[in-house]
Each structure stands twice: as C-alpha cells, then as structure tokens.
Amino acid sequence: MSFAYIRDLQPFQFNKKLKVRICRIWRPKLIGSTDQFGGLQCILVDQKTDAIQASVKEIDYDFVAPKIKAGSIYEITHFYTGRNKPSHKIVPHVAQLFFNARTTFKELPTIQPHIPQHRFYLVDYTQLSTWIDKIDILTDVFGHITTIQPLEQKMVGNERLEDKCEVCIENIRKEDVRITLWGNTAKTFDAQALQQSTSPIFAAFTSLKVKQFQGKIVLNSSVSTLVFINPDIQELAAYKTIFSDSTHAVKMMPSSTTQPMTPQYLEAAKKLSVQELNVLDPETHKDTPILCRAAITRFDIRNGWWYKACPSCFKQLRTAAHRDELLCPKHNNQIPLPWFKVSLVLEDSTDETNAIIIGRAAEQLFKISCNELVVQRGFTDQQQLPDVILQTRGQVKIFQLRFGSMRSDFNRNDLLIQAVFDDTIPLIEPTPQSPDQSLAAHDTETIGAQMIPPITPAFSKPIPSASSTSSADISMTEVTPSSKKRYREAVKRALFIFRPSKKPKSISSSHVQTETKSEKMVTTKTMEETVSDSDLPIIGLKKKSNMENLPTSTSTSKIKVETSIKEKKNHEESAKQGSPN
C-alpha cells in the first residue's frame, strides 16, 4: 500500500496509510470542568506541508496516548476519516482523522524529503478585523512578546471564577495585539520563566477566537489553544533581525484590580462598612476591589436559590418556543446543570445591603456544590433552603465584591460576591450593657412572606438551629426502594418539566407513599411527631375509625366462610338421597 498525501484525503475513507509528523498534541478539558476531558487531539503534517486534525475519543485515550509523542514522525494505518466539524476548525481541511485502539503507529527516523516541525496558518495583524466573531475556523498568530500580565482569577459572566493571563505581542511593523489566555492554557503558560529571560521572546499562539472589546481587537484562547516559544518556522529569522537587542525583553504588567484578593493581602487591606458600601458610586468603583466585613442575616428566595444552567458556559437555559426543550443561546439544547444563584442580605452594625452570590463563589461559601444538593440529595424545591445554606447566617466573613449590571426596577447596580474569606476578628465587641446593639433592628413586618426570617448574627447572640425552617439533610441510605423512585422523579421534574412547583418536595418517609406494613407504621409515627397540637384529635379519629372497621371486616369474612360450608354440606346430602341404591 502506497502512502497517501493529506491533501488527497476525503471524508468517510479507510484503508489508507500516512507518513506524517505529529506536530501538536493536546487533551482539551471540558468547559467548566476541572477533571473531565474531551479525548485527545493531534495535528499532523506531511512533506507537502499540508495539515489535518486527528481525534481520539476519551474511551480510547489510554490505548493511543502511550503510542505517540509530539515532534515524532510515524507511519500510521488502521484509521478512518470523517467530515471536519462545521465550526471552530483548527486547520482548513474538509476531512478529519479518527484514531482508536486498533490504529497502528510505527515511528520512523528522520527522512527525506523534510517534514516541517510545525504547521501554523498565521493571520496577518491587518487582516484580524475581518476575522472578528468568525466561527468556522480559529486563528493562529505569531509575534514578539512585549508584556505579560501574571496569572489571576476573573469572574466570567457573573457566574464563575476562571484563571486568566494576558499577553501582548507585536509584529515586525510594531503593530500590537492583546491575547487573553483562559483556564488551563493560562495555568500552563510559564510567564515567570519568560520574564527571567534577557533576550527577546517570540511565540506562536494557535486556535484563537477574534473578538472586539471597547473598539479594540482582542484574541481569546480556546480549549485547543497551544503556545509555542521560538518555534522553528520561516518567520522567526525576520523577527530575530528586527528585535535583536535586550531592550526588547519581556516586561510584566501589574495585576488586574478586579481579581479576587489573596489571603496575604486581606489583613492590610481596608474593609468598608456596609453603610460605606451603600453609598459607593458604581461608575467610579467598577474596577476597584471592594472588601467588606459583614454577616449574612437573610436570604431572598422569591426567585429561587438555583437555576438550570448550561454545563458549558453556565448561562441560564431557556425553554424553546412550542417545545419541551431547554436551550442555551450558544450551545443549543443541553442537559441542565443546577447552579447556585442566591440573593441575600449582608449586615453589620452600621447598615444592611443586598448582594448576590453565584456559582463557584457560592460553592466556596456553602462548602458543597449545587449539583450535589439538587441531584444527589434531592433538594429540588426553589422555595426551601437546605440547612447547609441556612447555617451560614450570622457567620462573620470578609466578602470581596464588585458591581454588576444595572437593575432597572431598583435603579441600582447588583452587588456581586466574588470571593469569601474567613474572618477570625470579631466585627464588633458586644458589651454587657448592650448585647444586641451590634445590628440595627429589623422591621419584620415589611419583609415578604417568601423571605427567610432575619436572625441576629453570631457575634451578637447565639443562632437558633435552622432545622425548624428547612428540610433536614437526608442520607441516601435511609431511602426505601419506593422513595428512591419518587426521589428520581422529583429531580427529573425539577430539571426537565417546565412549570413551577406548586408545593415543596422533600425526600422523607413522611412524604412517600409506602407499600409494606412496617413502612406505614414509620410514616404514621413520623406524622404524629411533626403535627401540631391542633392536629392530634384528627389523628386520634383516624386511629379510632381504623380500629372500629377492623372487627367488622373480620366478622363479615367469618360469616361468609360459615355460610359457604353449610351450603356445601346440604348439597352433598341432597346428592346422596337422589342417588340409586
């Protein structure tokens, strides 16, 4: 079998043999996940300098990954081809290769003719404006690195914290462009090592998305982005000639002021009171980190405490018109992921204010994921807060906040909690003469019926147990087979049925219709323990009614049996009298 060239490959072919160099290998993480991957991806190049993408499914990763390494040349057989994806292509080819456990790789020594080490499809800076929001194919650029902003975390879409690193590069015409690396790409970019270099650094950035922000072009990384430092490509020689002296070494930019505070800065940083927080101008403080020492005193659950999110971008899913489907504006129909969005009230001795905590920051505060609460523990009711959330009331914390979008109904900006830090210093020292003066008194009559009643924070007086206002945490080992089925149905209804729940659901033996006698006894006992005094006569009447009915039912059955025996005896005697001797 002769070798095929990459340019001759078409979708839906097999029984081909290639001689190629694997110039890129990466294992993309699924968006929003820390430990889930989307298989293995490769870029292959041949002696004609054409390139094609090859994919390995996650289930075949352990079979293929040990057989290959980036930079080596292989003879590859037992693969098949398919159509290249319609959007976010890595290379401009109509086909794509697929490797599996049966694909064979035979490593070859350096051969002639030469196969290049890399294959980039570089876009000139002057052409980037024509690539804005282009989704059919991603962008490769090359340039001299001028400045780097160190790794930091940034709130994305008011929903999650994401690692970010910014890099500025310029071409030989001294035109510059800014690149923002996100997630795992930002983490693996070794900015510190580049800063220590005294000579100019050149880099190729692959698979970028071109965006426009505040009138300027910005390049953002994708899950397929890789960075190659001083790659062996034709353009490198021209850049080395232009940027030859040490004055072109990499410079470091200061960190963004919007990133979450690290603990070492907390003690020295100024903390605003809630009263000062309420009078801040959002326009002049939109890029300023805000710290406030306060306690959560109430929760507003009129809009629920979680929502159905897209598992890729965490935006709220919407119901499709005339269809029972949940759609994401970016990722079409999706299986919903429960995601925290909790409105709450922060308070100190000076005043109170409303704030919102979303996504990862909420997981940090409540020390549990929303998915575990809703799917695994069955807390599907939007109007009932679990104990793990309620128990945070009154705990003094240091909250890092920022201003969000303007709320037209209140003509003020949302206050978003970016991060939460433990605080060991009491917010106020209570005195024997005024133990309850640390907070302003609440007018409970003005609070809506759907608000959790306010309580005094921990630094003023002890907090009563929250178990009286919420459903208790339920262990899955206590659920009967019948209730497990109903539990699954409750979760399914919460995630996929598009109508509001009429009444709270709770995974408890008192709310599940059981089948066996022992289960009925447990149910009756639980009901008796939880009803009020006014309900006790009703339960007594139910017991009395059941006891009265039991003998009647037994007596009736006994009469029926005796009547049947008597009729059978009479029939036998009649038969004997009528029979011949």
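Side-chain atoms are counted along with the backbone in the values below, which use heavy atoms only and exclude waters and symmetry mates. The structure presented is a predicted model; accordingly, all values stated were derived computationally and were not measured.
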CA sep, side-chain torsions, deciding dist, call: Val345, Asp300, side-chain contact (heavy atoms from CB on, under 4.5 Å)
CA-CA 8 Å; Val345 175; Asp300 183 355; over 6 Å; no

Could you report the tightest heavy-atom contact between Gln418 and Ala361, atom names first, then the distance?
O-CB, 3.5 Å

Would a 4.5 Å heavy-atom cut-off, applied to side chains only, mark Trp306 and Leu373 as touching?
no

A side-chain contact here means heavy atoms from C-beta on lying under 4.5 Å apart; do Thr146 and Asp176 qualify?
no

With rounding to the nearest 0.5 angstrom, report the NZ to CG distance, Lys187 to Leu181.
14.0 Å

Non-hydrogen atoms of Leu280 and Ile290 that approach each other most closely
CD1-CD1, 4.0 Å

I'd like to check Asp190 versus Ile229 (side-chain heavy atoms, cut-off strictly below 4.5 Å). Are they in contact?
no

Spacing of Glu166 atom CD and Glu152 atom CD [to the nearest 0.5 Å]
7.0 Å

Given Val227 and Val167, is the side-chain contact (heavy atoms from CB on, under 4.5 Å) satisfied, shown in steps?
CA-CA 11 Å; Val227 183; Val167 183; over 6 Å; no

Determine whether Asp133 and Lys211 make a side-chain contact, defined as any pair of heavy atoms from C-beta on separated by less than 4.5 Å.
yes

Starting at CD1 of Ile132, measure out to CD1 of Ile217 and round the result to the nearest 0.5 Å.
4.5 Å

Looking at Leu208 and Ser221, what are the two nearest heavy atoms and their distance?
CD2-CA, 3.8 Å

For Leu138 and His88, work out which heavy atoms get closest and say how close.
CD2-CD2, 3.8 Å

Distance-minimising heavy-atom pair for Val420 and Gln364:
O-NE2, 2.6 Å

So Trp339 and Phe314, would you call those rings parallel, tilted or perpendicular, with 30° and 60° as cut-offs?
parallel

Polar side chain donor-acceptor pair, Asp348 to Thr350, under 3.5 angstrom
yes

For a salt bridge (Lys or Arg N to Asp or Glu O under 4.0 Å) check, start with the C-alpha distance between Glu58 and Arg27, then their side-chain angles and the critical distance, and finish with the verdict.
CA-CA 9 Å; Glu58 183 65 23; Arg27 195 181 185 200; 2.3 Å; yes

Nearest 0.5 Å please: distance from the CH2 atom of Trp305 over to the CG atom of Asp381.
9.0 Å

Crowding at NZ, Lys397 (>12 non-hydrogen neighbours, <6.0 Å)
yes

Evaluate side-chain contact (heavy atoms from CB on, under 4.5 Å) for Phe189 paired with Asp163, printing each intermediate quantity in order.
CA-CA 11 Å; Phe189 185 74; Asp163 292 304; over 6 Å; no

How long is the straight-line distance from CH2 of Trp26 back to CG of Leu40, given to the nearest 0.5 Å?
9.0 Å

On a heavy-atom basis, which atom in Ser343 and which in Ile356 lie closest, and how many Å separate them?
OG-CG1, 4.1 Å

Look only at the side chain of Thr180 and the backbone of Asn220, and say whether a donor-acceptor pair between them is shorter than 3.5 Å.
no

Derivation and outcome, side-chain contact (heavy atoms from CB on, under 4.5 Å), residues Glu347 and Arg298:
CA-CA 9 Å; Glu347 185 175 354; Arg298 285 178 284 152; 5.7 Å; no

Distance, nearest 0.5 Å, that separates SG of Cys292 from NZ of Lys270:
11.5 Å

Taking the side chain as every heavy atom from C-beta outward, state whether Ile296 and Leu346 have any pair of such atoms under 4.5 Å apart.
yes

Flag side-chain contact, heavy atom, 4.5 Å: Asp351 against Ser273:
no

Between Phe340 and the options Tyr307, Phe366, Phe379, the ring-ring contact (aromatic ring centres under 6.0 Å, His included) test singles out Phe366

